[in-house]
Amino acid sequence: MKIKSDDVFIYPTDTVWGIGCSLYSEEGYAKIAEIKKTSTDKPLSIMFASAKDIYDSFTFPEEVTLLWLEEFFKLETTLGFPLSRAKIKIPKWATGGSDFVSMRCLDNDVIKKIYSELKTPFFTTSLNITGEPPVTIMGEAKKFKEIFAKDAHFFKDETEKKLSGSPSTIVFLKDNLDLEIKREGRRINEVKNHLTKLFC
């Protein structure tokens, strides 16, 4: 069944199971908030199919190369970047009123399949009721769908890879290469080492 513009879908990431919808679906955005029992003004991260898509969608400082972004997103990370630097249309309601947008990309077949059907970036957030641990096992993801999100599409990784269960490291890259680590994930030391390459 092909994804429609306002549909919600469940899928595995590199860390936990996620739930998402099209970047341009305010209805899907509201559905996710209802499923997770959270506020509709809580900003969600945006998933892209590749670092190249992100690189082409924003105006980055010359120090932030495509190669740097590709390596950064291999480290279970989320990047926060000024909304004002976006080249693509990002609805203001999609950021919860923030001046920053958070984004991820994963180089895997599930993300590519979703992206190819939607033809657009999509919201991504952890699959769980707010305040409860995120889902890391496919069987639990299926159970969550049946209880809380019956109409959601379900995508699985055929290899059934074990997910890390750790939240991504969130780094905000501000103007003048000012960096702020908002949340530390399990690969934080690798991330910190990678961030220093911006100043070499």
Identify every side-chain donor-acceptor pair in residues 131-141 under 3.5 Å, counting partners at least two apart or on other chains, and give the distances.
none

Residues which pass side-chain contact (heavy atoms from CB on, under 4.5 Å) with F9, listed by chain and number, not counting sequence neighbours = I3, Y11, I114, L118, F122, H153, F155
message = Under the rule for side-chain contact (heavy atoms from CB on, under 4.5 Å), what residues qualify as partners of E34, not counting sequence neighbours?
response = none
ask   = Mind checking what makes ring-ring contact (aromatic ring centres under 6.0 Å, His included) contact with F144, not counting sequence neighbours?
value = F148
task = With sequence neighbours excluded, tell me which residues meet side-chain contact (heavy atoms from CB on, under 4.5 Å) with E146.
result = none
task = State whether a side-chain donor-acceptor pair under 3.5 Å links T15 with T13.
result = yes
ask   = Partners of A86 by side-chain contact (heavy atoms from CB on, under 4.5 Å), sequence neighbours excluded?
value = F58, I90
Check: residues 169-177 side-chain donor-acceptor pairs under 3.5 Å, at least two apart:
from : atom 1 : to   : atom 2 : distance (Å)
T169 : OG1    : G185 : N      : 2.7
K174 : NZ     : E180 : OE1    : 2.7
D175 : OD1    : R85  : NE     : 3.2

task = Give every residue pair that meets the side chain to side chain donor-acceptor pair (under 3.5 Å) criterion with at least one member in residues 88-99, sequence neighbours excluded.
result = none
note = Hits for salt bridge (charged side-chain N to carboxylate O under 4.0 Å, His left out) against K192, two or more places apart or cross-chain, chain-then-number order -> E184
note = residues 39-52 vs salt bridge (Lys or Arg N to Asp or Glu O under 4.0 Å), sequence neighbours excluded, gives K52-D56
query = What pairs of residues pass the salt bridge (Lys or Arg N to Asp or Glu O under 4.0 Å) test when at least one of them lies in residues 62-71, not counting sequence neighbours?
reply = E71-K74
task = Quick one: which residue pairs count as a salt bridge (Lys or Arg N to Asp or Glu O under 4.0 Å) with a foot in residues 15-28, not counting sequence neighbours?
result = E27-K31
